[in-house]
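Notes follow once the structure below has been shown.
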Amino acid sequence: MTAIEHYEARRKHLASKMKGGVAVIPTAPERLRNRDAHYPYRFDSYFYYLTGFKEPEAVLVIIAASGDESAKYILFCRDKDKEREIWDGYRYGPALARETFGFDEAYPIAQLDEKLPGLLENQSVVYSAVGHDVVWDQRVAGWINAVRAQTRSGVTAPHEVSDYRTLLDEMRLIKDAHELHIMRRAAEISAQAHCLAMKATKPGRFEYEIEAELLYTFHRHGAPAPAYTSIVAGGANACILHYIENNAQLNAGDLLLIDAGCELDGYASDITRTFPVSGRFSAVQKDIYELVLAAQQAAIDQAKAGNAWNDPHQAALNVLVQGFIDFGLCQGSVDSVLESEDYKRFYMHRTGHWLGMDVHDVGEYKQQGEWRALQPGMTLTVEPGCYIRPAENVPQHFWDIGVRIEDDVLITATGNDILTAGVPKKVDEIEELMQ
Ligand code: GLY
Ligand code: MN
Ligand code: MN
């Protein structure tokens, strides 16, 4: 299958899940950063998943099959514009976009308000991402009202608005071959970036210098942006879960935690490694590090088809809590510490999330109140950690140690596949790489 055929297949799949009606799926707007300077443009994930079309100011309309009519796929996009193309770059324009991306029809985006009410006539349902963008919600309501204003001439207006995200989230949760191909490549690039960052780390360097090594590697391999703001956290900064200042100097004897991954062709990768700034773990750093590594391995062992979403988290927790007790960080039995949640002083987040076009990707974690079963084609992160802030009841030699180890995992028919295996995580491997 070509890439275009994958997008076509997804549109068909969505149309087959609709109970008639019309889906109206806009891409993301361009956003101003300051005065007239824009943020780098990023399309909407749902829109891109269905089209492969990267330009802003575009809307996909899907008219579900009804009676003898098969489903119809229509794109609205920017017109060709010689003057604007000189300033801002190439635009497909409707005719070429229709041909290249396989739509049935394509029109200039300027005709959206004029054409949409006609497309909604005599349709029962409008599929829209209700609440995502209130300005867009008002436009959709305006089109429905425009149809309603015509009812004396015999047309009927849609009487139901349904959220297409509910259908698409389930589709996006299971990655197809085209998606997995991109995700593997994104994971490889990010793994290379982490290896380079480890080699570049030395006492006296600044966190942002190491961040630059990551960005350099992403860009060098054609990944236009990080999938999220990189966390480069030396020493105590590693205990701030969303630390992104990345402006401190690295000290000999500290650990460095890096949580960074590139976005490639719309797909995220998400890796965390923690390693010693001077290339050798101290005894206490090694104790905590190897505890987190054992927790991660226990979680990865549970990441397999048929197991519940929560099984990897529970496996990691059991290992971590036993370790916290052994190190004197928590008191009591594993069961009592799990029950009291005293472990949350050192491990306060969950062990992973779905990964895909969005770093925290779409898809329900529970169904009918139960953690859902893992299935082949699902991709998730496994990322236990341990963060020890200074406190009276915590032995001082543990203070300010923060460790997280995160890999991207694909569930397969026979177990799992670690997409980010290209960056070492065993103590001796890390120490060797850093020499
Ligand atoms: N980097 C975001 C996360 O690990 O969830
Ligand atoms: Mn993550
Ligand atoms: Mn991460």
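Values in this document were obtained by computation on a predicted structure and should not be read as measured data. Every number for a ligand or one of its atoms is a count from 1 in the order of the listing.
Checked for salt-bridge contact, Lys17 and Glu170 miss the test: no charged N lies under 4.0 Å from a carboxylate O. Between Asp361 and Lys175 there is a salt bridge, since at least one side-chain N of the basic residue sits less than 4.0 Å from a carboxylate O of the acidic one. With respect to the salt-bridge test (charged N to carboxylate O, under 4.0 angstrom), the residues Asp311 and Lys304 do not qualify. Ionic pairing of Asp408 and Arg184 is not present here: no N-O contact between side-chain nitrogen and carboxylate oxygen is shorter than 4.0 angstrom.
Between the side chain of Ser269 and the main chain of Gly261, no donor-acceptor pair closer than 3.5 Å is present. Side-chain atoms of Glu431 do not come within 3.5 Å of backbone N or O of Arg280 as any donor-acceptor pair.
The aromatic ring centres of Phe53 and Phe101 sit less than 6.0 Å apart.
Looking only at protein N/O/S atoms, the ones less than 2.8 Å from the Mn ion (ligand 2) make 4 in total.
Residue pairs meeting the ring pair (Phe, Tyr, Trp, His ring centres under 6.0 Å) criterion with at least one member in residues 182-213, sequence neighbours excluded: Phe206-Tyr208.
Scored by the salt bridge (Lys or Arg N to Asp or Glu O under 4.0 Å) test, Glu55 finds Arg78 as partners (sequence neighbours excluded).
Pocket lining of ligand 1, defined as residues with a non-hydrogen atom under 4.0 Å away: Tyr228, Asp259, Asp270, His353, His360, Glu383, Glu406.
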